[in-house]
2 protein chains.
Amino acid sequence: MTTAAVDKRRVILDAAVRVFARQGFHTCRVSDIADEAGVAYGLVYHYFSSKEEILDTLFLERWDVMLAAIAESDASQRSPRDKLYAVAAFIIDSYRHDPELMKVIIVEVTRAANTFGLTHLEKIREAYAGIAGIVEHAQADGLFRSEITPEFAAQAFYGSVEQVLTGWIFDSVPIGAPEFERAKTLIVETICRGLER
Amino acid sequence: MTTAAVDKRRVILDAAVRVFARQGFHTCRVSDIADEAGVAYGLVYHYFSSKEEILDTLFLERWDVMLAAIAESDASQRSPRDKLYAVAAFIIDSYRHDPELMKVIIVEVTRAANTFGLTHLEKIREAYAGIAGIVEHAQADGLFRSEITPEFAAQAFYGSVEQVLTGWIFDSVPIGAPEFERAKTLIVETICRGLER
DNA sequence: TGAAGCTGACTGACCAGTCAATCGATCGCC
DNA sequence: GGCGATCGATTGACTGGTCAGTCAGCTTCA
């Protein structure tokens with residue numbers, strides 16, 4: 001685990017992102033990942049105990065950062081609208097920075113949470129809960145109306161963001177910086193107008 | 001193909017819904033479907049050319065009805081809000097009527113459109129286009145503001161609905177009639193307030 | 001010299017799809 | 001009204017291919 005030498009574990013993880021994004025988790029072979037990483041088949045099992053553990057690792061690495069971002073946003077002194085903007089921006093920038101990883105997380109994990117263990121489900125719920133928290137605080141401050149439950153608002157918000165990402169993922173239309181910024185604004189604008197008093 | 005005799009093709013399709021919902025498309029075996037249907041293994045291949053064709057059939061059967069419902073709603077003389085309410089109501093009632101089928105469609109098809117052929121992608125896009133059409137007409141009539149593109153609004157709307165269904169699918173909390181009605185109202189209320197002038 | 005990093009051939013299980021054979025309903029014909 | 005021909009429906013054992021995960025051994029470096 002030297003710093004100078006290439007960290008093969010990392011190389012395998014990065015290769016797995018590309019392979020999962022290209023072929024899908026179920027359809028790809030472990031040997032595809034090894035080939036993509038330029039590494040012997042067995043080495044994959046030196047670092048990971050199963051194909052699924054690779055996916056788990058990729059998901060958790062990113063998701064935990066997102067949970068922290070949501071919590072940090074809620075803890076800040078910004079307006080609810082700005083807080084939600086920060087969350088949308090984080091997710092959209094994650095896609096912008098590494099679309100393949102986000103594709104894998106959305107398509108293979110977030111939307112297939114039943115086939116895997118319940119660990120992921122719990123993590124995913126934490127994200128909803130975090131967003132719901134933002135809404136709840138806004139309601140307590142009288143800034144959002146209270147007809148709509150926080151849980152519900154969180155689902156609508158997260159669902160909108162994920163659906164927009166899904167559109168980009170599947171439509172294969174190249175997206176530039178202005179579209180990303182525009183998307184952040186539009187989502188927050190639409191949902192917040194619906195939630196604000 | 002008598003009326004009195006059981007239509008085995010239908011029996012197989014219905015069994016497949018249960019098996020796909022329970023075990024997932026990738027994880028289940030064709031023999032599981034045959035067993036669930038109380039039918040010999042080979043009969044599945046008498047009616048369907050592959051496991052995937054069964055899933056395709058289930059998806060298209062339902063999705064085409066939905067596309068018709070969206071088109072019909074847009075063609076009506078109702079207000080944009082009522083049109084969108086009708087769409088949300090259709091989807092939510094579909095879930096209410098047959099949650100297992102909707103689970104399969106959402107989890108295995110809608111959200112995994114990359115692994116399968118592009119046929120499904122096209123069908124799914126048709127639904128967005130239909131919803132976008134409703135928004136577009138509303139904008140043309142000056143009822144919705146035009147800052148938000150119809151395509152974008154459609155994604156936000158559909159994404160919200162699907163996310164709410166996903167919550168029900170995975171949370172395994174029993175849902176009653178009032179919750180279904182409430183969900184329809186809340187989604188439409190949230191999104192339309194964001195879109196209306 | 002020894003331990004961690006690394007290799008890739010091998011195996012055991014699994015399963016989609018095939019197929020040859022049987023069943024049974026319907027029909028034409030005497 | 002009985003008899004066999006025909007053909008779709010139905011059966012389930014079998015095959016061929018695939019692949020996750022194993023393991024025995026080699027390499028490298030401290």
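So that the names make sense, note that chain A is the first sequence line, chain B the second, and so on, each numbered from 1.
- Contact check, A:K8 against C:dG5: no side-chain N or O comes under 4.0 Å of OP1 or OP2.
- Electrostatic pairing of A:R10 and A:D14 counts as a salt bridge here, judged by a charged N lying under 4.0 Å from a carboxylate O.
- When the side-chain nitrogen and oxygen atoms of B:H46 are compared with OP1 and OP2 of D:dA9, one or more of them lie within a distance under 4.0 Å.
- At the phosphate of C:dC6, OP1 or OP2 sits under 4.0 Å from a side-chain N or O atom of A:Y47.
- Side chains of B:E162 and A:Q163 form a contact here, defined as non-hydrogen atoms less than 4.5 Å apart.
- Atom NE2 of A:H26 and atom P of C:dC14 are 18 Å apart (whole Å).
- An end-to-end axis angle of 0° holds for the helix from C:dT1-D:dA30 to C:dC30-D:dG1, taken from five base pairs per end and rounded to 10°.
- Residue B:V39 places its side chain closer to D:dT11 than to any other of D:dA20, D:dG21, D:dT11.
- At whole-Å resolution of the value, CG in B:D35 and P in D:dG12 are 10 Å apart.
- Taking atom CD on A:E52 and atom C1' on D:dG21, their separation rounds to 14 Å, with Å as the unit.
- Atom pair A:D32:CG and D:dT18:C1' shows a separation of 12 Å (rounding to whole Å applied).
- Screening residues 175-197 of chain A for ring pair (Phe, Tyr, Trp, His ring centres under 6.0 Å) gives A:W168-A:F180 as the qualifying pairs, with residues at least two apart or on separate chains.
- Distances from the side chain of A:L43 to the nucleotides C:dT7, C:dG17, D:dA20 place C:dT7 closest.
- Note: A:W63 and A:Y158 have perpendicular aromatic rings, judged against thresholds of 30 and 60 degrees for the angle between ring planes.
- B:R182 and B:E179 are not joined by a salt bridge, as no carboxylate oxygen comes within less than 4.0 angstrom of a charged side-chain nitrogen.
- For A:K51, counting side-chain heavy atoms from C-beta on, the closest listed nucleotide (D:dT10, D:dA20, C:dT18) is D:dA20.
- Spacing between atom CD1 of B:I12 and atom C1' of D:dA9 amounts to 11 Å, rounded to whole angstrom units.
- Distance from the side chain of A:R29 is smallest for D:dC19 among the nucleotides C:dT7, D:dT10, D:dC19.
- Backbone-only engagement by B:S50 is indicated by non-hydrogen atom pairs under 4.0 Å involving sugar-phosphate atoms exclusively.
- For A:Y45, the side-chain atoms get nearest to D:dT22 when compared with the rest of C:dT7, D:dT10, D:dT22.
- To the nearest angstrom, C1' of D:dC26 lies 20 Å from OH of A:Y41.
- Residue pairs meeting the salt bridge (Lys or Arg N to Asp or Glu O under 4.0 Å) criterion with at least one partner in residues 148-160 of chain A, sequence neighbours excluded, are absent.
- Between A:R9 atom CZ and C:dA4 atom C1' the separation is 16 Å, expressed in whole Å.
- Each of B:I124, B:V104, B:L101, B:I54 was compared with B:F59 under the side chain to side chain contact (heavy atoms under 4.5 Å, CB included) criterion, and only B:I124 meets it.
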